[in-house]
Protein chains: 2
Amino acid sequence: MGDEFCSCDIVHENVIEMVKKKMPQEEKLYDLAELFKVFGDTTRVKIISALFEAEMCVCDIAELLHMTQSAISHQLRVLRQARLVKHRKEGKVVFYSLDDEHIKAIFNQGLEHILEPRGFEYAIS
Amino acid sequence: MGDEFCSCDIVHENVIEMVKKKMPQEEKLYDLAELFKVFGDTTRVKIISALFEAEMCVCDIAELLHMTQSAISHQLRVLRQARLVKHRKEGKVVFYSLDDEHIKAIFNQGLEHILEPRGFEYAIS
DNA sequence: TGTTCATATGAACAATTGCTCATATATTAA
DNA sequence: TTAATATATGAGCAATTGTTCATATGAACA
């Protein structure tokens, strides 16, 4: 009532209060969204999927995905900043690999969801 | 060598071939990225986090998050299309709730990752 | 029927994002 | 040092995204 965000009168104040108390800190939810954002790009998912199988250098990944070295390097930077990949230098060549087991877990959970026999369509038309 | 995407000579063909064979279908990876993309927005994460606690109507969510009814409604549409939320009508009021258990799983995996005592910073600066 | 109200939706706009291109950095070898 | 090469990075641009605003839809009720 008289609220500046919603003109509705039907507001369940008790529910809102309860949820407000139970919800994680705003900052935590922000960080969570930032993490998922990193996974929310086809190129990055492909890179992660590739590194899931083997350590690879920038050049290998570019060739594998048929993309430019620059594009791959830019995305690897994002993955590095999110600490999802590690890198190891060997002369001029930089080898990338997955940083930890969490990625596999998150990744596989997502895959299960996708593969569920429910006729999903993520068309954001 | 002579590749159109990378000017490097150091390409590990055997690794690339191996990875290429093992990687999931391109389409699956695309769908996976689309799923994560839905989780990759603060507003949507907040909505999911709220519905994690209780079923709520559009108006409740708008008030809880201090956002307009329109903004919330638009985001609920995205969540609906990704089949992450269900809705139930009761007169003029539409109640939303989480669609299934997978969300909790994916969500919590992400939180664990975030909460790991490693000094994470997802600053995409 | 017409009015009220909860929600949905289309258009427009600003902010963000992912790529390309050019160039910088860093390492190796001559 | 200079040349060659693997990777990194900044600027610019097109495409995408999230919000606002105005309006449409649909349900309850006088």
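Letters A, B, ... are given to chains in the order of the sequence lines, protein chains preceding strands, and every chain is numbered from 1. Because the structure is predicted, anything quoted here is derived from the model rather than measured.
- Comparing C/dG18, C/dA8, C/dT7 against the side chain of A/Gln75 picks out C/dG18 as the nearest.
- We find that B/Glu55 and B/Arg88 are joined by a salt bridge, their nearest charged nitrogen and carboxylate oxygen being less than 4.0 Å apart.
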I'd like a table of atom pairs between the protein and nucleotides 10-14 of chain D - only N or O on both sides, under 3.5 Å - with the distance next to each one.
{"residue": "D/dG10", "atom": "O6", "partner": "A/His74", "partner atom": "NE2", "Å": "2.8"}

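- When distances are taken from the side chain of A/Lys37 to each of C/dT9, C/dT17, D/dT7, the shortest belongs to C/dT17.
- The side chain of A/Lys89 lies closest to C/dT27 when the candidates are D/dA8, D/dG18, C/dT27.
- Considering only heavy atoms from C-beta on, A/Leu35 comes within 4.5 Å of A/Leu84 through its side chain.
- OP1 or OP2 of C/dC19 has not a single side-chain nitrogen or oxygen of A/Thr68 nearer than 4.0 Å.
- The aromatic rings of B/His12 and A/Phe95 sit tilted relative to each other, their planes meeting at an angle between 30° and 60°.
- In the set C/dT9, C/dA6, D/dA6, C/dA6 carries the atom at the smallest distance from any side-chain atom of B/Val93.
- Between the NZ atom of A/Lys92 and the SG atom of A/Cys59 there is a distance of 11.5 Å, given to the nearest 0.5 Å.
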So B/Tyr96 and B/Arg80, side-chain hydrogen bond (donor to acceptor under 3.5 Å, both in side chains) or not? Walk me through it.
CA-CA 9 Å; B/Tyr96 281 86; B/Arg80 253 188 292 126; 3.2 Å; yes
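- When each of A/Lys92 and B/Phe95 is assigned the nucleotide of DNA chain C with its nearest heavy atom, B/Phe95 is the one assigned upstream, toward the 5' end.
- Following rounding to the nearest Å, B/Asp41 (CG) and D/dT16 (P) show an atom-to-atom distance of 17 Å.
- Applying the side chain to side chain contact (heavy atoms under 4.5 Å, CB included) test between A/Ile16 and each of B/Leu64, B/Ile61, B/Leu65 identifies B/Leu64 as the sole match.
- At a threshold of 4.0 angstrom between heavy atoms, the contacts of B/Tyr96 are confined to the sugar-phosphate backbone, with no base atom among them.
- Considering only heavy atoms from C-beta on, B/Arg44 comes within 4.5 Å of B/Val38 through its side chain.
- With hydrogens and angles ignored, a donor-acceptor pair under 3.5 angstrom links the side chain of A/Gln69 to the base of D/dA8.
- Considering only side-chain N and O atoms, A/Arg80 lies under 4.0 angstrom from the phosphate OP1 or OP2 of D/dT9.
- The nearest heavy atom of DNA chain D to A/Leu76 and to B/Ala71 marks one nucleotide each, and the one closer to the 5' end goes with A/Leu76.
- Nearest nucleotide to the A/Ser73 side chain, out of D/dG18, C/dA6, D/dA8: D/dA8.
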